Amino acid sequence: MSREEIAKSYEPQEVEHRWYRYWEEHRLFEAETRSEKDPYCIVIPPPNVTGTLHMGHALNNTLQDILIRYKKMKGFNVLWQPGTDHAGIATQNVVEKDLAAKGTDRHTVGREKFIELVWEWREKYGGLIINQLKRLGCACDWSRERFTMDEGLSRAVREVFVRLYDEGLIYRGDYIINWCPRCHTALADLEVEHEERDSHLYYVRYPLEKGDGHLIVATTRPETLLGDTAVAVNPEDERYQGLSGVHVLLPILDRPIPVIFDRYVDTEFGTGALKITPAHDPYDFEIGETHGLKRIKVIDEDGRMNELAGPYRGMDRFECREKILADLEARGLLEKIEPYRHSVGHCYRCKTMIEPLLSKQWFVRVKPLAEKAIQAVKEGRTKIYPTIWEGVYFDWMENIRDWCISRQIWWGHRIPAWYCEGCGEVVVAKETPETCPACSGKDLIQETDVLDTWFSSALWPFSTLGWPDETEALKTFYPTSLLVTGFDILFFWVARMMMMGLHFMGDVPFRDVYIHALVRDAEGKKMSKSKGNVIDPLQVMDRYGTDAFRFTLAAFAAQGRDIKMSEERIEGYRHFVNKIWNAARFVLMNLEGDEEPMLGHAPAALADRWIRTRLGEVSEEVSRALEEYRFNDAAGLCYQFVWHEFCDWYLEMAKQGLYGGGEMERKSTRGMLCEVLMAVLKLLHPFMPFVTEELWQRLPGSTGSIMEAAFPEPSAHTRDREAADEMKLLMGVITGIRNVRGEMRIPPSKNVSVVMDIPDPQDALVLRRNEAHIMTLAKVDRLEIEAGARKPEGSATAVYGENQIHVLLKGLLDFGEERKRLRKEIAKVEKEMAAAERKLGNRGFLEKAPAEIVAEVRERVEGFKQRLEKLTRNLEFFDEDDA
RNA sequence: GGGCGGGUAGCUCAGUGGGAGAGCAUCGGCCUUACAAGCCGGGGGUCACAGGUUCAAAUCCUGUUCCGCCUACCA
């Protein structure tokens, strides 16, 4: 077989496309619906159809893909269930913008046509993010891709809605909700983002209806006073005793409103008098309820003042504020204005200031559902990693409030409720009813509102598997194994899936939840388009290759800390990918095609025995790290092992067998190289799918895709403690010689002679057996090894354990330099020894510390002493020499 | 207001009771035919600050301070 032609550096672009296509064509991503193997299932957090891949997606999906590929190699029947989310408000906004550009709007187009247009838009652009996930290498089972507006998922939504309604867990009613005047819809509490703003606190005089005097109330929103129906004071407040039954006059409108007493009012804040606007403030609404107050709505759905706002009718809410302040001022009713900082709610989609508004909406009564969801986590049926998030989950679940699920938009699951024009009956049903069950009338009009997108997302772990049908997939994969997501949607999504899964499936939706960090920019700021600090993952993949990017994400995915991303770091890991490429290139260039698998054979060479041992240990550690979601540890272990053990030592030592040995040795070295490289590729495959597949396929003896290969298993018989110890000694002396060479600035081209004093005969034997390695790796041309060897003239000395390694530097040795070097070494050892001796001098330590710790410290001190003694003797040698 | 996380080498971060670590950057020596996207070697830290617990603290406790995030109905 001819030697492989292989490029000098790794070029990712072409490779990546080719292998992804290969995996898809060979249907390697597809799960078995029924299987003998244990199932392992992850449902993807469905990206928004309007979305494009950002750093958060990249991290989230890389982590999932690592686990999916790892579990597949471990022999599981894996399913990574993909799909997208219809993102009601966001998608509707995008299509509306399109319409606006064409000079029209959805109302002109009409509901039916508009929805058609959204579907068209989705056909055209909805696949974008899916293709981007493919670029990332995601091993999703695309044959099962779902969309929250699919026929099947829509059926699940209706089923859930109807059942919850029948159980009394969904109701409709007039309440204060968060209204976005721009999106023109209600929002759930969660969809409101609070932000601190500098504002003002206005003190307004409300004259008493009878007689002189007035009450002063403090407010941040003077425009809402038009809807005031009372002024509340605390019954305990001495300032306001005797106001029982008294009325004040609403400024400007001169409407008399009562003074009421309520414990809620904080006597410390403002003047202790609170204006009550039940139609425009959530708490005022509740006070209004308990006191039976009228609700006067003065702001409409566009954020404009309505006819009840009297002279301000038609004004925008902000414009009205200015005008009303001017009018109050003019009438002498504005007592004072104080600067005031408070948080204001904004729409999470469009950042418009939220208007709390009285409105008729649909709600889910979540308390009973939440209780079961809390219980499930308390009992450990679902585990949240890192556990810190369990606390956050409990806190939110325990204080949960009813969920407003109706949205006044068109794109989404239309609420399956019909109103009878004849008798007013509300019919909630899975299928469109023909007649009213109450009056048999045929005039039924469907509710125009649609459901919150998160309502359908909450069903994702079972709706995607075929529910409400009892499918095989559902039986095989529910409960799913793991959910991987960012904490920003812990409440939006995770909590709601828990509630729905428990309620409808009778079991948790997933066994584990892994919450990962947020990706920030290099300064730790949240990436956002407006800040202009976004790093586009697609550009990163183009520039550095997907494998380097994925490895970077894994390496930085430490639990509980945000990731500060910068391109420099990705570049560093591109070097690592290239390193692997070149290591494989070296192996491939030396293979001759007649290599026999060495597995089962016991290799004689030290390096071979050692690398097998390390391979076993490292695979075990990497496996454990992945099982515990310590991605950074897993990546770090791979990096350290592959670069600093496999490349730096094993490959270098293999050259000896390749170029310096006999026929048998050459052949067995080639076999081992092939075996070890295969294992290394398999170890790395979950992190770097593309480069590992490319190299795997080039290796003789590999069959099929690396995706289907078995992850390296640590097997007990490859553990070779002796080889590890011997390697340690060998590396120690080689490093010792290199230290001397480096510090003495001996160029690599210059060989040196070395005399070693090795007191232990066994150690001496090991080193003699590996003389050739010492000579090549430390650039030594003459090597003498014996117990009690004398220090030659003009030599610098490295001390390793009880061994002294004298490096002959005839003529090259700068005595001053060597003295300096030894003194530095001595100082270092002395410092460490002093610390250890201090411990031994402490009676408390000797008495109370565990025996093995004491023994360990004793041993250490012994080592230091020995070393120190040898270093000192060498130093003295020069002092004499000098004299 | 409440809660959480963080402050360790120039930078980014691991390390949760017993010898301060990694990567990058930096400095010195090398184009040694797998790799200069590389090799070999060196330097660099009062582990934010102050107390405490302990034989022993980067690690546990208390307080201070700075940064970040989440959450909330004081208008």
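Letters A, B, ... mirror the listed sequences (proteins, then strands); counts begin at 1. Worth saying up front: this structure is predicted, and the values here are computed from it rather than measured. Just so it is clear, the values below take in all heavy atoms, side chains as well, and ignore hydrogens, waters and symmetry mates.
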(request) Apply ring pair (Phe, Tyr, Trp, His ring centres under 6.0 Å) to A:Phe394 and list each qualifying residue two or more places apart in sequence or on a separate chain. (result) none

(request) Go ahead and write out RNA chain B as dot-bracket, 5' to 3': ( ) for pairs within the strand, [ ] for ones crossing earlier pairs, | when the partner sits on another strand, dots for unpaired; Watson-Crick or G-U wobble, both distances under 3.5 Å. (result) ((((((((.[[[[.)..(..]]]].(((((.......))))).....[[[[[..)....]]]]])))))))....

Would you mind writing out the side-chain donor-acceptor pairs for residues 639-650 of chain A within the sub-3.5 Å range, not counting sequence neighbours?
unit_1: A:His644; atom_1: ND1; unit_2: A:Asp648; atom_2: OD2; d: 2.9
unit_1: A:Glu645; atom_1: OE1; unit_2: A:Arg614; atom_2: NE; d: 2.6
unit_1: A:Glu645; atom_1: OE2; unit_2: A:Arg614; atom_2: NH2; d: 2.9
unit_1: A:Tyr650; atom_1: OH; unit_2: A:Asp608; atom_2: OD1; d: 2.7

(request) Go through B:A75, B:G19, B:C40 for me and flag the one nearest to the A:Arg738 side chain. (result) B:C40

(message) Can you tell me which nucleotide in B:G5, B:C11, B:A37 comes closest to the side chain of A:Asn578?
(response) B:A37

(message) The side chain of A:Thr220 is closest to which nucleotide in this list: B:U71, B:A34, B:A75?
(response) B:A75

(request) Using a 4.0 Å heavy-atom cut-off, write out nucleotides 25-33 of chain B from 5' to 3' as B (base contacted by protein), S (sugar-phosphate only) or - (no contact). (result) ---SSS-B-

Filtered N/O pairs between nucleotides 57-61 of chain B and protein, under 3.5 Å:
none

(request) Taking only heavy atoms on the protein side, list every residue of residues 835-847 of chain A lying under 4.0 Å from any atom of RNA chain B, sorted numerically. (result) A:Lys839, A:Asn842, A:Gly844, A:Phe845

(message) Restricting to salt bridge (charged side-chain N to carboxylate O under 4.0 Å, His left out), what partner residues turn up for A:Arg630, sequence neighbours left out?
(response) A:Glu628, A:Asp633

(request) Under the salt bridge (charged side-chain N to carboxylate O under 4.0 Å, His left out) rule, collect the residues that match up with A:Glu338, sequence neighbours excluded. (result) A:Lys336

(request) Identify which nucleotide among B:G18, B:A34, B:C74 has an atom closest to any side-chain atom of A:Pro850, counting heavy atoms from C-beta outward. (result) B:G18

For residues 573-582 of chain A, run the donor-acceptor check on the side chains, cut-off 3.5 Å, and write out each pair with its distance to 0.1 Å, sequence neighbours left out.
unit_1: A:Asn578; atom_1: OD1; unit_2: A:Tyr10; atom_2: N; d: 3.1
unit_1: A:Trp581; atom_1: NE1; unit_2: A:Ala7; atom_2: O; d: 2.8
unit_1: A:Asn582; atom_1: ND2; unit_2: A:Lys8; atom_2: O; d: 3.4
unit_1: A:Asn582; atom_1: ND2; unit_2: A:Asn578; atom_2: O; d: 3.1

Between the protein and nucleotides 43-45 of chain B, list every N/O to N/O distance that falls short of 3.5 Å.
none

Side-chain atoms of residues 227-237 of chain A: list all donor-acceptor pairs with protein atoms under 3.5 Å, sequence neighbours left out, distances to 0.1 Å.
unit_1: A:Asp228; atom_1: OD1; unit_2: A:Lys275; atom_2: NZ; d: 2.8
unit_1: A:Asp228; atom_1: OD1; unit_2: A:Thr277; atom_2: OG1; d: 2.7
unit_1: A:Asp228; atom_1: OD2; unit_2: A:Tyr206; atom_2: OH; d: 2.5
unit_1: A:Thr229; atom_1: OG1; unit_2: A:Lys294; atom_2: O; d: 3.1
unit_1: A:Asn234; atom_1: OD1; unit_2: A:Glu236; atom_2: N; d: 2.9
unit_1: A:Asn234; atom_1: ND2; unit_2: A:Arg263; atom_2: O; d: 3.3
unit_1: A:Asn234; atom_1: ND2; unit_2: A:Val265; atom_2: O; d: 2.8
unit_1: A:Glu236; atom_1: OE2; unit_2: A:Arg263; atom_2: NH1; d: 3.4
unit_1: A:Glu236; atom_1: OE2; unit_2: A:Arg263; atom_2: NH2; d: 3.4
unit_1: A:Asp237; atom_1: OD1; unit_2: A:Arg239; atom_2: N; d: 3.1
unit_1: A:Asp237; atom_1: OD1; unit_2: A:Arg239; atom_2: NE; d: 3.1
unit_1: A:Asp237; atom_1: OD2; unit_2: A:Arg239; atom_2: NH2; d: 2.9

(message) Please pick, from B:A34, B:G5, B:C55, the nucleotide with the shortest atom-to-atom distance to any side-chain atom of A:Lys848.
(response) B:C55

(message) Any residue in residues 638-652 of chain A with a heavy atom nearer than 4.0 angstrom to RNA chain B? Just list them by number, or reply none.
(response) A:Tyr639, A:Trp643, A:His644, A:Cys647, A:Asp648, A:Leu651, A:Glu652

